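Following: one structure in structure tokens, then a few remarks.
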Amino acid sequence: MHQRQILANLLRSCSKNLTLDKGLKSHGAVLRMGFACDLMLNNDLINMYGKCGKIGSAYDVFEKMPERNVVSWTALMCAYLQNGNAQKCLSVFCQMGASDSKPNEFTFSTSLKASGALGIVEYGMQIHGLCAKSGFETVIVVGNSIVDMYAKCGRIAEATLMFEAMAVKNLITWNTMIAGYTVEENGKRALLLFREMQEQGEVPDEFTFTSALKACSGLGAVQQGSQMHAFIITRGFTYDAQTMVAGALVDLYVKCRRLFEARRVFEQIKQKNIISWSSLILGFAQEGDLEEAMNLFKRLRVNARHKLDGFVLSSLIGVFADFALVGQGKQIHALSTKIPSGLDISVANSILDMYLKCGDPDESERLFNEMPAKNVISWTVMITGYGKHGLGGEAVRLFNKMRSDNIEPDSVAYLAVLSACSHSRLIKEGQEIFSRLCNDRRLKPKVEHYACMVDLLGRAGRLEEAKNLIMNMPLKPNIEIWQTLLSACRIHGGIELAREVGEIILRLDGDNTVNYVLLSNIFADAGNWKEGERLRKLVKIKGLKKEAGRSWVEVDKEVHFFYNGDDSHPLTEKIHEVLKEMEKRMKAEMGYVPGLRFALHDVEDESKAESLRVHSEKLAIGLALVHGRLEEKKIIRIFKNLRVCGDCHLFIKGLSKVLKVVFLVRDANRFHKFEDGLCSCGDFW
DNA sequence: CTAGGGTTAG
């Protein structure tokens, strides 16, 4: 056989098997044998380097080629796309337009995929236009790519139009459209199409099932999902190797909170991939079954350590951060220092976040300073954390330092620092940063940024200014920004404005309890009990529900959760005893009066009867006291999913004085550090 | 050289 053909075959096998070392040797051979200018071999080299992740080498080959054809251009585009640089892929496509080579169906398909990956429909539409003009629109591969592009850009209507216009369809066409519909709101359409394709005589394959299952899990339709599961089994699919279908089934059952079923499918997979592992582990963790989650994680660590990647580590750390389980978090932190993916910046960032959320900003700061490489998220994590710890000044300092470190703040970073300012009541600083945002040519302030400013002004009592900001902003105000203003009205007793804003809010969303509760609190506050009571009744009639308040505390490495009025804990009696005793001591020593006023304020209380029951955060504290050896300055950490209630706030302040103990309470909004009768939030919780 | 799933951290 011709030497040239042998080299070509060699290179193609390297591309297929991702064997870079062999590829490099073959490249050497190509040069030695005098094929440096060979068009076909160079094309194969570009492809090989692209597949092996050596995008720089791919470009070098392309650059040195004396002549290029459409395959050379397309191979380079693919190389960029496969290495995660869709933008570059498209710019090569543009450069190609100025060359002698004309795009073919491969080129169009690749450029459409890049547009979809970027999610920029304008690019995709232009390319669609070019396809139509050059007659490639009717080539089925290109048509499929166009449908996919529109779907990926969130243009379901355009995708549907294209799909319906395609005279000839194949299985991939159907699969692409079904996958496109597999977004929450379109899950039903996905399932309808799934049925329709079978009526048209198409036979679903594993791609089809994967999408259809995903549609079920998006809809929370566990019934339909299990039916499909049965159907899949009758079609003879097995889970010997990790199939996409098995992964989708695990995911379906996890999302529908059927952990038992999820595990059953998972255990049948002989070669489990990392996504199924992480899906199941996170499933257990998010259900609060941390023991099971940790057992699975241990198994993963022992049996398939090499499979651990940054995704699993950072998401698992994220769960521990949310539950504030610093012990488990530390375990993974320790592990991450021993494996390669522990060096991922996302893992480092999640560790920073974990220590901050667990109430240890010093540890985060230490790690942050040691990080060899930081990205905008690293900075934002720190700024957000400082903000929640009431360290607004630190947050602002870091925000400014970030720029001198050549990292440009993005929209989220601005939001973090503005929110830190509003929590620490740094009005001047907040206004300066906001005006910087307005002058930043890269970014436009979003409603959320305005909401921060409304909060900042509102908390300072500048209600009219806050209102004018909303009225004059160039964006459509959403319900949240009005709620922010309403809260400010409550703090400062702006009853007239509250009535005005309240009407706007109820018009926008009359189905949300929070609005009624907030409004009725304001009226009750101002002594307008009748109006308050009327709104409260409305809530009852509508039967509106909201998230149940839940607090927890870690005692002896075990986490105990409490709901309001929860008496399921084995030590309930002792908890009540100690709480009563504390109340007595506080009454005697510092004239504490239970905050009746706050019983009404409490955002999660819906009736007086309920407010008499014991709040979850008090129960958690009670348990800590029952268990704890209370040395002076000992820190007790309590966590709550919603905001801490006013009476509890008062109660904990008193406790910190009487017992000389420090309480660190993390609620939905921020951290409260109670020390010697005072709270770090200055009562503006 | 091309089309379909699963995508972490603020």
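This structure is a prediction, so every number in the text was calculated from the model and none was measured. Just so you know, these numbers use all the heavy atoms, side chains as well, and skip hydrogens, waters and symmetry mates. Note on naming: letters A, B, ... go to the chains in the order of the sequence lines (proteins, then strands), and numbering restarts at 1 for each one.
Spacing between atom OH of Tyr59(A) and atom P of dC1(B) amounts to 21 Å, rounded to whole angstrom units. In this entry the distance linking CE of Met177(A) with P of dA3(B) reads 19 Å, nearest Å. If you measure from atom CG of Leu45(A) to atom C1' of dC1(B), you get 14 Å, rounded to the nearest angstrom. Going from atom CZ of Arg68(A) over to atom P of dC1(B) covers 18 Å, rounded to whole Å. In this structure, NZ of Lys16(A) is placed 12 Å from P of dC1(B), rounded to the nearest angstrom.
Between Phe368(A) and Trp379(A), a ring centre-to-centre spacing shorter than 6.0 Å is recorded.
Counting heavy-atom neighbours within 6.0 Å of Arg263(A) CZ, excluding the residue itself, gives a total above 12.
By the 30° and 60° cut-offs, the orientation of the rings of His27(A) relative to Tyr49(A) is perpendicular. Aromatic ring orientation, Tyr80(A) versus Tyr59(A): tilted (interplanar angle from 30° to 60°).
Scanning for salt bridge (Lys or Arg N to Asp or Glu O under 4.0 Å) contacts around Glu408(A) gives Arg442(A), with sequence neighbours left out. The salt bridge (Lys or Arg N to Asp or Glu O under 4.0 Å) check on Arg12(A) picks up Asp44(A), with sequence neighbours excluded.
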Walk along nucleotides 4-10 of chain B from 5' to 3' and tag each nucleotide B, S or - by protein heavy-atom contact under 4.0 Å, base first, then sugar-phosphate.
BBB-BBB
